[in-house]
Amino acid sequence: MQLRTLTPQRIYILIGYAVASAALFSAPLFMSDFRLNLLAKFLAFAIVALGLDLIWGYTGILSLGHGVFFGLGAYAMAMYLKLEASGDRLPDFMGWSGLTQLPWFWKPFESFAFAAAMGIALPAVLALVLGYFTFRNRIRGVYFTILTQALVIITVTLFIGQQAFTGGTNGLTGFSSVLGVPLSSPDTKRMLYWITVIALLGAFVLCRYLVKSRFGKVLRAIRDGENRARFIGYNPAVYQMLVFSISAGLAGLAGMLFVLHVGIISPFMMAIVPSIEMVLWVAIGGRGTLIGAALGAILLNYAKSEFSTSYPDAWLFFLGALFVIVVVFLPKGAVGLFGRLKFPKRKGQKHEQVSHSAV
Amino acid sequence: MNRSVILQCEAVTVEFDGFKAVQGMDLRLEKGELRFLIGPNGAGKTTILDVICGKVKPASGKVLFQGKVDITRRKEHQIAELGIGRKFQAPSIFPTLTVFENLEIAMRQNRGVFATLRAKMSAEERDRIEAQLAMIGLEAKADWRAGGLSHGEKQWLEIGMMLLQEPEVLLLDEPVAGMTDKETDKTGELLHQIARKRSIVVVEHDMEFVRNFASKVTVMHEGKLLKEGSMDEIQQDDRVAEVYLGKRRDVDVSRSTA
C-alpha cells in the first residue's frame with residue numbers, strides 16, 4: 001500500500017521488470033529480422049491492450065471500438081508515409097478515383113511531426129467528444145458498448161466509401177521511406193523496433209502512474225459504485241472522459257507504430273473483429289493488471305501467428321475456447337492464476353474474493 | 001431569516017409519473033440539530049432526502065442551503081461539494097478498494113481530475129485517516145478489501161467516510177438497520193457527538209432508537225408534513241397514532257409494520 005517497503009514480492013517484481021526490459025532491448029541481437037518485425041507488431045498491440053485495460057479493467061467501461069482509435073492513428077501515419085512515397089505526385093489511388101489535386105486535409109500530413117501529433121490527438125479528441133455525449137448523459141454498461149460498435153461500423157463504412165480520400169477497401173500501402181530513411185532496410189527496422197519498445201515502456205510507466213495515483217483509486221471507485229462516487233463529490237463523467245481519451249490516444253500511438261512495421265492499413269484492420277480481439281487480449285491476459293494486459297496481447301498474437309500458419313481455420317475456435325475458459329475459471333485472467341500460485345496472499349487479504357463478471 | 005438555519009425545504013413537491021410522492025413539504029434544519037424523520041412506508045421520507053442530495057429533482061419548491069443557495073438546480077457531485085453528505089440504506093462502500101483507500105478518496109479534498117492525478121498523501125492526511133480508522137474501530141483491517149467486511153463494519157466504514165468528507169449536513173437513511181443492539185447504541189452516541197458540529201437528518205423505522213436519541217422528530221404521511229415536535233409530543237398526538245395504527249396510540253407497535 002502506501003509504505004514503500006521492499007518486500008520480497010516487490011523485489012521479485014522489480015527484477016522481473018528489469019529482466020523483461022533488458023530482454024526486449026536486446027532482442028535484435030538474437031532474433032531474425034522477420035521475427036523481430038513480428039515482435040515489434042505485437043509490442044504495438046500491447047500498447048493498445050494497456051489503454052484498454054485502463055478503461056475496462058480499472059474503470060469498468062467496455063469499449064468494443066478501440067479498433068477505430070487504433071485505425072485513426074495508423075491512417076494518420078500512413079497518410080504521411082503515402083505522401084512521402086509519392087513525392088511531388090498525387091498518391092496513386094487518388095488519381096484512379098479521378099482526383100486532380102491533393103485534398104486540403106491531406107496537405108498538413110506532409111509533415112511527419114504533424115502526422116505523429118494527429119495520430120495521438122485525433123483518437124484522443126474523438127474519444128473525448130464521444131465520452132462527453134455518453135458519460136455526461138450517464139449512458140453506460142452495455143449501451144455504451146453498443147455505441148462503440150456503432151462507431152466502428154460508421155467509421156469503417158466511411159473509410160470504404162470515401163475511396164478517393166482514404167484508399168477505400170485497399171487502404172493505404174506502398175510506402176517507401178520515413179524521414180528519408182528507407183523502411184525496408186534492416187537498420188531502420190531495428191530502430192523502429194527500439195522506438196516501439198521505448199513507447200511500450202513509456203505507456204506502461206504512464207498507466208502505472210495513473211492507476212497507482214489517487215486518480216486511479218477514484219477510477220476503481222467509479223467502477224465499484226458510480227453513484228456512490230458522485231455523492232462523495234466526484235464527477236464520474238469527467239474521470240471517464242479523461243481515461244477514455246487517454247486510452248484512445250494510446251491506441252492511436254500503437255496504430256502509428258503498427259503501420260511503420262507492417263506497411264499497410266486498411267479499414268478491415270479497424271473493423272469489428274479486430275476491435276473485439278483487442279478486448280480478448282486483455283480479458284485473457286488479466287483485466288485490472290497492466291502486465292497481464294500487455295502479456296496477453298503479446299502472447300496471444302504470438303500464438304496466433306504460430307497457430308494460423310499450421311492450422312489457419314482452427315485459430316478462432318482456439319481463441320473462443322480460451323476466452324470461455326478464462327471467463328469461467330479465471331476471472332482475473334492468466335495473470336490472476338500466476339498470482340494465486342506464486343504468492344500466497346497476506347493474512348488479511350483472504351477475504352478479497354471479488355470476482356468480476358464477464359462484461 | 002434565522003442565521004442558524006442551515007437547510008430549508010420550501011413547499012417541495014415531487015412527482016413520479018403523476019403520483020405525488022411528496023406534496024408541499026417544508027423542513028427547516030438548524031445548525032447542530034439531530035433531526036429524526038419518521039412515518040409509515042411510502043410517506044416520502046427517503047424521497048425528501050433524495051431531493052436534498054440531488055438524486056431526485058422536485059417538480060416545484062426550493063431547497064435552500066445556508067439560506068442562499070437553491071440546490072435543486074445543482075448536480076449531485078456539486079451538492080456533495082457544497083457540504084451535504086448522504087448515506088443510503090444499503091451500505092455502499094467501494095468493495096475492491098481497501099478500507100484505507102475508501103477513506104482516502106472520501107476525505108475532504110479537491111476532487112478534480114488534475115488534483116487527484118497529482119495528489120500525494122501528506123502526513124496530516126494520513127493522521128486524519130488513521131484517527132478515523134480508530135474511531136470506527138477498523139485500524140486492524142485498514143488493508144482489507146472493503147468488500148470482505150461484515151455488514152456492521154461496512155456501515156461503520158461508510159459513516160467514517162462521511163465524517164472525513166466533513167459535510168455540514170448529513171443525511172442518513174436507516175443507519176442502524178441490521179445492527180445489533182450494542183452497535184445501535186454506539187451509533188446513536190456517535191450521532192450525538194457528530195451533531196455537536198454538524199447537522200443530521202436521520203430517516204428511521206426503529207422507534208426505540210428514535211426515542212432514545214431524538215431531540216426533534218418530524219412525522220411524514222402521504223408525502224406531507226404531519227407533525228413536528230419532541231418525541232413526547234409526537235407520542236401524544238392522535239393523528240400520528242392514527243396514521244401509524246388505526247386508532248391505537250402506541251407508536252411502538254408500528255415497528256412490526258415498518
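Keep in mind the model is a prediction, meaning the values are calculated, not measured. Every chain is numbered from 1 and lettered A, B, ... according to where its sequence line falls, protein lines coming before strand lines.
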Query raised in the report: If we ignore angles and hydrogens, is there a donor and acceptor under 3.5 Å between the side chains of B:T116 and A:Y239?
Result: yes
Query raised in the report: Is the backbone of B:K75 close enough, under 3.5 Å, to the side chain of A:R230 for a donor and an acceptor to pair up by distance?
Result: no
Query raised in the report: Taking A:R214 for the side chain and B:A119 for the main chain, is one N or O donor matched with an acceptor at less than 3.5 Å?
Result: no
How close do [X] and [Y] get, counting heavy atoms only, and between which atoms?
X: B:T96; Y: A:R220; value: O-NH1, 3.7 Å
X: A:Y209; Y: B:L117; value: OH-O, 2.6 Å
X: A:Y234; Y: B:H77; value: O-CB, 3.2 Å
X: A:D224; Y: B:P95; value: OD2-N, 3.2 Å
X: B:L97; Y: A:A221; value: CD1-N, 4.0 Å

Requested in this report: Using a cut-off of 6.0 Å, state whether more than 12 heavy atoms not belonging to B:K57 lie near its atom NZ.
Outcome: yes
Requested in this report: Using a cut-off of 6.0 Å, state whether more than 12 heavy atoms not belonging to B:F114 lie near its atom CZ.
Outcome: no
Could you grab the distance from atom [atom1] of [X] to atom [atom2] of [Y], nearest 0.5 Å is fine?
X: B:I105; Y: A:I222; atom1: CD1; atom2: CD1; value: 8.5 Å
X: A:R228; Y: B:F88; atom1: CZ; atom2: CZ; value: 7.5 Å
X: A:S213; Y: B:M121; atom1: OG; atom2: CE; value: 12.0 Å

Query raised in the report: Which bit of B:Q78 is near chain A, if near means a heavy-atom gap under 4.5 Å: side chain, backbone, both or neither?
Result: neither
Query raised in the report: Given a strict heavy-atom distance threshold of 4.5 Å, which part of B:E76 is in contact with chain A: side chain, backbone, both, or neither?
Result: both
Between chain A and each of [options], count heavy-atom pairs under 4.5 Å; write down the option with the most.
options: B:R86, B:E81, B:Q165; value: B:Q165
options: B:A115, B:A140, B:S92, B:C53; value: B:S92
options: B:K87, B:Q109, B:R118; value: B:Q109

Report task. Would you please test A:F231 and B:L171 for side chain to side chain contact (heavy atoms under 4.5 Å, CB included) and show each step? Result -> CA-CA 11 Å; A:F231 288 112; B:L171 309 171; over 6 Å; no
Report task. Could you check which of A:P236, A:A229, A:G288 has the highest count of heavy-atom pairs closer than 4.5 Å to chain B? Result -> A:A229
Report task. With a 4.5 angstrom heavy-atom cut-off, could you sort out which part of A:I232 is near chain B: side chain, backbone, both or neither? Result -> both
